[in-house]
K.L.:
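Mind looking over this structure? Questions follow.
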Amino acid sequence: MQIKSQLNKIIKDSFKAIDTTPKSVTVSDATKPEFGDYQYNGAMALAKELKTNPREIATALANELQKHEIFSKVEVAGPGFINLTLNADFLAKNLPTALNERAGVGTREEPIKVVVDYSSPNMAKQMHVGHLRSTIIGDTIANLFEFLGDEVIRQNHIGDWGTQFGMLIAYFEENQKDIDAKLSDLEEFYKAAKKRFDESEEFATKSREYVVKLQGGDESCLRLWNAFIEKSLEHCQEVYDSLGVKLDKSNVKSESSYNDDLANVVAQLEESGVAKESQGAKCIFFEDSENPLIIQKQDGGFLYATTDLAAIKFRVQELGAKRICYVVDARQAGHFKQVFATAKKAGFANEDTLLEHIAFGMMLDKSGRPFKTRDGGTVKLIDLINEAVTRAKEVIKKNDEYSEEELENIARVIGIGSLKYADLSINRQSNYIFDWDKMLSLDGNTALYMQYAYARINSILRKAGEFEEIEPILGDDLERRLALKVLSLEDNLQKAYTEAMPHIITSYLYELATLFMRFYENNPILKDDVPNEVKNSRLVLAKATANTIKTGLGILGIDVLDRI
RNA sequence: GCACCCGUGGCUCAGCUGGAUAGAGCAUCUGAUUGCGGUUCAGAAGGUCACAGGUUCGAAUCCUGUCGGGUGUACCA
């Protein structure tokens, strides 16, 4: 359920009752438990504007707020803070909604169509760690939007049209063999071709000729090119499947698919006067930047920016997207700023189309340097994933007697979950320090802590057997706070939605799990001397917590286990 | 050179549309607890929020400057 928007509405109405109308009203979480559940600080700002006494406004408002049953306490504090405590009955009555399959979360009133552009591997090479963040963050954002009711179109904008393909074709022609054998290790093949390219001028020239032939639609080139893409996508799919990421062939919308429209894009930009010629190239200039966005080279070739503009046109005009999220490395901020500005200026996107660069920082190793293998090479994503599973297996192996199959399954859920959680739990905009030990730790804000909490609650529920799902009795403060936390899921998802920030969800879940542990420590559930009614009440709280954790992790693409 | 991002306890990070004594986790120290899965819980210690100004009743948060780190900067994607 959405609590904050209800409170905002009540505050607005109460303002009306005292003949005041602030521009906007936003309650925030109480900064301390002693202050209650929420606080409203707007009285001070309003008083400044109206040149009156903040304490007076706050008091008048508080008197109105007091009339609402939703609050058990409304207090004016300090210069004009209003501290709000919710009525335990209100929380108890609503708590059972958290037991349903959506953990009590509704859908947005006005869902929109959203394109989430993520992962975007390069077809000439294997996926490496550089693709991890885009893939994980993008998938989570798509899941979140979808969960809240938006119509989400996941797009994998694969790089399948660069000069590197001429190089691959040329190398293949030189070493004619069975294509499957050659491509079984795409990485090696690419490296070998690149080596030839760098060493031999003749080979390089030939490569460029092949690019032209390919783009001109030469049949044998196209056939080879198709085979490369096919093979490469298979590699990608393997990664997506092991990560549990919801991408497959149906989400592929390749760079090359915009090819036919590139000349139009340039022509339209020229006609509308948005683009100009400069030094033989077609460019768009900006007041706040010394460098233009180039959409066509001197030699007539099109660029990355041209494709991106064509993609925006397609997504807005053909797909009808209202919001487009590009989950791409922060280093491309400048590029996207220019592309977005151009798209709006040219009318490819509408004035109100949300074009967002969901930027993320680099992945660094423990010592703060770019994440590489020991010999300085790029780490293949599939290797990283496998290592995560192997390490997870080490962590759990010591405890119990699992069959090999069970162990593998559990290790997979934990390993992949940890890999994702570690990435998602920090603000995506900052660089991410990758640390195996921290990632797979049982302590702190980690996947394993969450999964463990879930398994533990499950164990209690299993032991309890059937019970009546009553409205809980929120006797002590911890029970009340836990209920409130459970019911705050939707507020947190909404916030994560607006800002496209997955770490808001992980922070919330961690607070929830911590609070549950405290509740559980102080409030016995299954002990003999617990009255039946209290037992049921606490079981409902436990079940609601488990369901909330499961739902939240589910949005992050992380599985839970009934037993660990 | 110019532009953008970042600088919060030993470490990893929250908080940033200005609000009350700057929050977590790890590591450190102390305590509880043979426990409904202690892979737990409670507590302590640890900060001039890079620095200097400014705006404000109020600044980690906004503005300016300085220093330090990163990134991007005309025909790659």
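Heavy atoms only: backbone and side chains are in, while hydrogens, waters and symmetry mates are out. Letters A, B, ... are given to chains in the order of the sequence lines, protein chains preceding strands, and every chain is numbered from 1.
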K.L.:
Rounding to an integer number of angstrom, what distance separates B:rU8 and B:rA3 when you compare their P atoms?
P.N.:
24 Å
K.L.:
Determine the interatomic distance between P on B:rA22 and the same-named atom on B:rA50; round to the nearest Å.
P.N.:
15 Å
K.L.:
Within the structure, does a side-chain N or O atom of A:Arg456 lie under 4.0 Å from either OP1 or OP2 of B:rG38?
P.N.:
yes
K.L.:
If you assign each of A:Thr26 and A:Glu521 to its closest nucleotide in RNA chain B, which residue comes earlier from the 5' end?
P.N.:
A:Thr26
K.L.:
Using the glycosidic torsion, which applies to B:rG38: syn (within 90° of 0) or anti (everything else)?
P.N.:
syn
K.L.:
Rounded off to whole Å, could you give me the CD1-to-C1' distance for the A:Ile460 and B:rC36 pair?
P.N.:
6 Å
K.L.:
How are the rings of A:Tyr432 and A:Phe434 set to each other: parallel, tilted or perpendicular (split at 30° and 60°)?
P.N.:
perpendicular
K.L.:
Is it true that atom CD of A:Glu34 has more than 12 heavy atoms of other residues, nucleotides or ligands lying nearer than 6.0 Å?
P.N.:
yes
K.L.:
Are A:Lys313 and A:Tyr258 in a cation-pi setup, meaning NZ or CZ lies under 6.0 angstrom from the ring centre and within 45 degrees of the ring axis?
P.N.:
no
K.L.:
Side chain of A:Ser507 only, heavy atoms from C-beta on: which candidate in B:rA74, B:rA14, B:rU39 is closest?
P.N.:
B:rA14
K.L.:
Expressed as a whole number of Å, how far does the P atom of B:rG68 sit from that of B:rG31?
P.N.:
47 Å
K.L.:
Expressed in whole Å, how much space separates the P atoms belonging to B:rU21 and B:rA60?
P.N.:
11 Å
K.L.:
Counting only Watson-Crick pairs (N1-N3 plus N6-O4 or O6-N4) and G-U wobbles (N1-O2, O6-N3), all under 3.5 Å, who is the partner of B:rC2?
P.N.:
B:rG72
K.L.:
Looking at A:Arg462, I'd like to know if its CZ atom is crowded, meaning that more than 12 non-hydrogen atoms belonging to other residues, nucleotides or ligands lie closer than 6.0 Å.
P.N.:
yes
K.L.:
Given the structure, check if the side chain of A:Lys337 and the base of B:rG72 hold any donor-acceptor pair shorter than 3.5 Å.
P.N.:
no
K.L.:
Determine the contact category for A:Asp288: base if any of its heavy atoms lies under 4.0 Å from a base atom, sugar-phosphate if only primed atoms, P, OP1 or OP2 are that close, otherwise nothing.
P.N.:
nothing
K.L.:
Counting any heavy atom closer than 4.0 Å, what does A:Ala45 reach on the DNA or RNA strands: base, sugar-phosphate only, or nothing?
P.N.:
base
K.L.:
Of the candidate nucleotides B:rC26, B:rA14, B:rU39, which contains the atom at the shortest distance from the side chain of A:Asp443?
P.N.:
B:rC26
K.L.:
How would you label the contact of A:Gln429 with the nucleic acid (heavy atoms, under 4.0 Å): base, sugar-phosphate, or nothing?
P.N.:
nothing
K.L.:
Does A:Glu533 have more than 12 heavy atoms from other residues, nucleotides or ligands lying within 6.0 Å of its CD?
P.N.:
no
K.L.:
Describe the nucleic acid contact of A:Arg518 in one word from base, sugar-phosphate, nothing, applying a heavy-atom distance below 4.0 Å.
P.N.:
sugar-phosphate
K.L.:
Whole angstroms only, please: what is the CD1-C1' distance between A:Ile564 and B:rU39?
P.N.:
9 Å
K.L.:
Among B:rC36, B:rA14, B:rA77, which nucleotide sits nearest the side chain of A:Tyr520?
P.N.:
B:rC36
K.L.:
Using a heavy-atom cut-off of 4.0 Å across all strands, would you classify A:Ala455 as base, sugar-phosphate, or nothing?
P.N.:
base
K.L.:
Starting at the 5' end of RNA chain B and moving along, which residue's nearest nucleotide shows up first, A:Leu526 or A:Ile426?
P.N.:
A:Ile426
K.L.:
Using a 4.0 Å heavy-atom cut-off, does A:Tyr510 contact any base of the nucleic acid, only the sugar-phosphate backbone, or nothing at all?
P.N.:
sugar-phosphate
K.L.:
Taking only the P atom of each, what is the distance from B:rC49 to B:rG10 in whole angstrom?
P.N.:
13 Å
K.L.:
On a whole-Å scale, what distance lies between the C1' atoms belonging to B:rG19 and B:rG37?
P.N.:
44 Å
K.L.:
Taking 5.5 Å and 30° as the limits, would you call A:Phe81 and the base of B:rG19 a stacked pair?
P.N.:
no
K.L.:
What's the closest nucleotide to the A:Lys527 side chain, out of B:rC36, B:rG19, B:rC13?
P.N.:
B:rC36
K.L.:
What integer distance in Å separates A:Arg331:CZ from B:rG72:P?
P.N.:
6 Å
K.L.:
Can you name the one residue among A:Glu468, A:Glu466, A:Glu469 that meets salt bridge (charged side-chain N to carboxylate O under 4.0 Å, His left out) with A:Lys543?
P.N.:
A:Glu469
K.L.:
If we call it a pair only when both distances are under 3.5 Å in a Watson-Crick or G-U wobble match, what pairs with B:rC62?
P.N.:
B:rG54
K.L.:
So, does the side chain of A:Glu290 form a donor-acceptor pair with the base of B:rG1 at under 3.5 Å?
P.N.:
yes
K.L.:
Classify A:Gln279 by what it touches in the nucleic acid, base, sugar-phosphate, or nothing, heavy-atom distance under 4.0 Å.
P.N.:
base
K.L.:
Could you please name the option among B:rG37, B:rA74, B:rU40 that lies closest to any side-chain atom of A:Pro292?
P.N.:
B:rA74
K.L.:
Within this structure, what is the CG-to-C1' distance between A:Asn427 and B:rG70, rounded to whole angstrom?
P.N.:
16 Å
K.L.:
What's the closest nucleotide to the side chain of A:Lys32 if the choices are B:rG23, B:rA74, B:rA77?
P.N.:
B:rG23
K.L.:
Looking across every strand, which nucleic acid part, if any, lies under 4.0 Å from A:Leu303 by heavy atom: base, sugar-phosphate, or nothing?
P.N.:
sugar-phosphate
K.L.:
Given that both distances must come in under 3.5 Å, which nucleotide forms a Watson-Crick or G-U wobble pair with B:rA14?
P.N.:
none
K.L.:
Ignoring the backbone of A:Lys48, work out which of B:rU12, B:rG18, B:rG37 is nearest its side chain.
P.N.:
B:rG18
K.L.:
Side-chain donor or acceptor of A:Asn83 under 3.5 Å from a matching atom on the base of B:rA20?
P.N.:
yes
K.L.:
Over all strands shown, is A:Ile433 touching base, sugar-phosphate only, or nothing at heavy-atom distances under 4.0 angstrom?
P.N.:
sugar-phosphate
K.L.:
Would you mind classifying the nucleic acid contact of A:Ala330 as base, sugar-phosphate or nothing, using non-hydrogen atoms under 4.0 angstrom?
P.N.:
nothing
K.L.:
For A:Tyr190 and A:Phe197, what are the C-alpha separation, side-chain angles and deciding distance, and is it a ring pair (Phe, Tyr, Trp, His ring centres under 6.0 Å)?
P.N.:
CA-CA 10 Å; A:Tyr190 177 83; A:Phe197 187 88; 9.8 Å; no
K.L.:
Give the nucleotide from the list B:rG70, B:rA20, B:rG37 with an atom nearest to the side chain of A:Thr31.
P.N.:
B:rA20
K.L.:
Should the heavy atoms of other residues, nucleotides or ligands under 6.0 Å from NZ of A:Lys4 be counted, would the total exceed 12?
P.N.:
yes
K.L.:
In whole Å, measure the gap between the P atoms of B:rA14 and B:rA24 for me.
P.N.:
16 Å
K.L.:
Above 12 or not: heavy atoms from other molecules or residues under 6.0 Å from NZ of A:Lys380?
P.N.:
yes
K.L.:
Which of these nucleotides, B:rC36, B:rA77, B:rU71, is closest to any side-chain atom of A:Met362?
P.N.:
B:rU71
K.L.:
Provide the Watson-Crick or G-U wobble partner of B:rG7, both distances under 3.5 Å; none if there is no partner.
P.N.:
B:rC67
K.L.:
Regarding A:Asp435, tell me which of base, sugar-phosphate or nothing describes its non-hydrogen contacts under 4.0 Å with the strands shown.
P.N.:
nothing
K.L.:
Using purine N1 to pyrimidine N3 plus N6-O4 or O6-N4 for Watson-Crick, or N1-O2 and O6-N3 for G-U wobble, each under 3.5 Å, what pairs with B:rA44?
P.N.:
B:rU28
K.L.:
Give A:Ser430 one of three labels, base, sugar-phosphate or nothing, depending on what nucleic acid heavy atoms sit under 4.0 Å from its own.
P.N.:
sugar-phosphate
K.L.:
Would you kindly give the NZ-to-P distance between A:Lys463 and B:rG35, to the nearest whole Å?
P.N.:
12 Å
K.L.:
Can you tell me which nucleotide in B:rG19, B:rA77, B:rC41 comes closest to the side chain of A:Tyr449?
P.N.:
B:rC41
K.L.:
Looking at A:His503, I'd like to know whether one of its side-chain N or O atoms comes within less than 4.0 Å of OP1 or OP2 on B:rG15.
P.N.:
yes
K.L.:
Can you check whether any acceptor in the base of B:rA20 is under 3.5 Å from a donor in the side chain of A:Gln39, or vice versa?
P.N.:
yes
K.L.:
Base, sugar-phosphate alone, or nothing: which one does A:Met44 contact when heavy atoms must sit under 4.0 Å apart?
P.N.:
base
K.L.:
What interatomic distance, in whole Å, is found between C1' of B:rC62 and the corresponding atom of B:rU56?
P.N.:
10 Å
K.L.:
Name all residues meeting the side-chain hydrogen bond (donor to acceptor under 3.5 Å, both in side chains) criterion together with A:Thr342; count only those two or more places apart in sequence or in a different chain, and write none if there are none.
P.N.:
none
